[in-house]
Amino acid sequence: RDSWAEPYKIKMVELLKMTTAEQRKKALQEAGFNTFLLKSEDVYIDLLTDSGTNAMSDIQWSGMMLGDEAYAGSKNYYHLEDAVKDVYGYKYLVPTHQGRGAENILSQIMIKAGDIVPGNMYFTTTRLHQELAGGVFHDVIIDEAHDSESDFPFKGNVDLNKVEKLVQEYGAEKIAYICVAVTVNLAGGQPVSMENLKAVRKYTEEKGIKVMLDMTRIAENAYFIQQKEEGFRLKTIAEIVKEICSYTDGATFSGKKDALVNIGGFLALNDYDIFEEARNMVVVYEGLHTYGGLAGRDMEAMSIGIYESVQEEHMKARIGQVFYLGDKMREFGVPIVTPIGGHGIFVDAKQFLPHVSQDDFPAQTLAAEIYLDAGIRTMERGIVSAGRNSKGENYHPKLELVRFTIPRRVYTQAHMDVIAESTARVYERRNQIKGLKMIYEPKYLRFFQARFEKH
Ligand SMILES: Cc1ncc(COP(=O)(O)O)c(/C=N/[C@@H](Cc2ccccc2)C(=O)O)c1O
């Protein structure tokens, strides 16, 4: 079997502090059993998120030296505008500091109080901004997406029957827009097929409903279409990315993932009137319309990162590393979401800790235990992240997952081996693991700052 390695070599390293079991026990206690509250220096391998944690190339770093920090009309803005038009095909660009900056502006423009906003599974910041704008989110993802053991290849797909039911019940004019995420983060980084995107476009065109893309991990989605969808084997990732965007009216983007930058995002649109409104609002929330909360250097690095994100060998290595870890986890019998998604391995905490009831936070408990074992930080993606509904009741999501998110171009295969072995050690002692109780609950997006203690 001919092995395959990354298409880059390392030029600089960031030394990591190793911790002892005692130090980790203390750190976890102080962090209230919440991995978001751990100090980075107490973390050995940081798999909390692939957001803003990716390694920039030397070309991107050189872009940081080319920052045109003019307040208005920075040349980096025009480079970013060219990259967005060239790679994604949208007509108009509104830069924002990161994804939720774009979500805030789009939601306020497109949503009126009481509007319905269908989407392929919720995402925390996306749904919150839709709700803050007065919208009501409705999940229209296919049922398979909520089944961690289904291996349907495109679990991110929209179920148009669910959309039709909403149109029947509320009328097309009450639908603010359909939000299609590529990939679907909380389902396990699951892709949407091109066939489904075309069907959504055809249906919404007939009904006069706009489609807004959350294209945060669009290049990873394109890779899965190339690898798994009939008729796309010979298309490039760049061609597939552009085709995906062509079936939508606009997009929000967090540049902190696919585009390989530490900060950055944008709102891209084809409709001039929405663009005009967004360009007016960005100066209220983000900064002038030609910088949107970003320094010129950040916009330059993001323009370069957009092109690097659609390179074939980059994506093959990126997804290859995620699959390597997933296969190792499965060798050790660790239950994970299948098919393996694009940005990490999602461990099924319900199957891992069947004796811990969901109200005792199995995923939160497992993330804490994984950290204790060898200092690996992961993220809870279960009942804590799901939050409460408008009546204040806890959502009880079918998926109770711990996300091992792999930053792009940061860790080596040796780290993947250590991660899999650490998880296997915790798996071997799973029957002794007890649940947690929440002792502090913030109002918004509670998972970021909630605190817990052992029962
Ligand atoms: C599909 C999708 N759409 C929009 C955004 C917002 O973009 P931004 O504002 O962060 O730039 C994100 C951010 N995802 C990050 C960071 C995060 C955010 C909230 C809760 C936990 C983690 C993560 O999954 O780790 C996303 O995944």
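Keep in mind the model is a prediction, meaning the values are calculated, not measured. First listed ligand is number 1; within each ligand, the first listed atom is number 1.
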*Would you call Glu441 and Arg446 a salt bridge, taking side-chain N to carboxylate O under 4.0 Å as the test?*
yes
_My understanding is that only one of Lys316, Arg318, Lys257 makes a salt bridge (Lys or Arg N to Asp or Glu O under 4.0 Å) with Glu220; could you say which?_
Arg318
*Would you check if Phe266 and Tyr88 make a side-chain contact, meaning some heavy-atom pair closer than 4.5 Å?*
yes
_Suppose we measure from atom 6 (C) of ligand 1 to each protein heavy atom; which comes out shortest, and what is that distance?_
Thr125 OG1, 3.5 Å
*Which ligand 1 atoms does Gly99 reach within 4.0 Å, using its non-hydrogen atoms?*
7 (O), 8 (P), 9 (O), 11 (O)
*Nearest non-hydrogen protein atom, atom 22 (C) of ligand 1*: Met379 CE, 3.7 Å
_Checking contacts here: is it the side chain or the backbone of Lys256 that comes within 4.0 Å of ligand 1, counting heavy atoms only? Could be both or neither._
side chain
_Close-contact set for ligand 1 against Thr124 heavy atoms, below 4.0 Å_ = 19 (C), 20 (C)
*asked:* Could you tell me if Arg451 sits above the aromatic ring of Tyr440, with its cationic atom closer than 6.0 Å to the ring centre and no more than 45 degrees from the axis?
replied: no
*Other residues, nucleotides, ligands: >12 heavy atoms within 6.0 Å of Lys228 NZ*: yes
*What are the atoms of ligand 1, with element, lying closer than 4.0 Å to any heavy atom of Arg381?*
21 (C)
*atom 3 (N) of ligand 1: which protein heavy atom is closest, and how many Å away?*
Asp214 OD2, 2.6 Å
*Does Met121 come within less than 4.0 Å of ligand 1, judged by its heavy atoms?*
no
*Report the C-alpha separation of Val192 and Thr183 in whole Å, then their side-chain angles, then the decisive distance to 0.1 Å, and conclude whether the side chain to side chain contact (heavy atoms under 4.5 Å, CB included) test is met.*
CA-CA 7 Å; Val192 181; Thr183 56; over 6 Å; no
_Ionic contact status for Lys162 with Asp143, cut-off 4.0 Å_ = yes
*Please work out whether any backbone atom (N, CA, C, O) or any side-chain heavy atom from C-beta onward of His97 is under 4.0 Å from ligand 1, and answer side chain, backbone, both or neither.*
neither
*Can we call the ring centroids of Phe275 and Tyr92 under 6.0 Å apart?*
yes
_List ligand 1 atoms under 4.0 Å from Phe448, heavy atoms only on the residue side._
19 (C), 20 (C), 21 (C)
*For atom 5 (C) of ligand 1, which candidate among Phe447, Phe36, Phe123 holds the nearest heavy atom?*
Phe123
*Identify, for atom 18 (C) of ligand 1, the protein heavy atom at the shortest distance, and state residue, atom and that distance.*
Arg100 NH2, 3.5 Å
*What part of Arg403, side chain from CB on, backbone N/CA/C/O, both or neither, has a heavy atom under 4.0 Å from ligand 1?*
side chain
*Can you tell me the protein heavy atom closest to atom 11 (O) of ligand 1 and the distance?*
Ser254 OG, 2.7 Å
*asked:* Return the closest protein heavy atom for atom 4 (C) of ligand 1 as residue, atom name and distance.
replied: Glu103 OE2, 3.2 Å
*To the nearest 0.5 Å, tell me how far Thr252 OG1 sits from Met212 CE.*
9.5 Å
*Around atom 13 (C) of ligand 1, find the nearest protein heavy atom and jot down its residue, atom name and distance.*
Lys257 NZ, 2.8 Å
*Name of the residue among Arg217, Arg409, Lys256 meeting salt bridge (Lys or Arg N to Asp or Glu O under 4.0 Å) with Asp50*: Arg217
*Examine Thr183 against ligand 1 and note whether any of their N/O atoms are separated by less than 3.5 Å.*
no
_Take a 6.0 Å sphere around OH of Tyr8 and say whether it holds more than 12 heavy atoms from other residues, nucleotides or ligands._
yes
_Tell me whether Thr49 has any N or O atom under 3.5 angstrom from an N or O of ligand 1._
yes
*Salt bridge check: are Asp360 and Lys437 linked by an N-O gap of less than 4.0 Å?*
no
*Determine whether any heavy atom of His343 lies closer than 4.0 Å to an atom of ligand 1.*
no
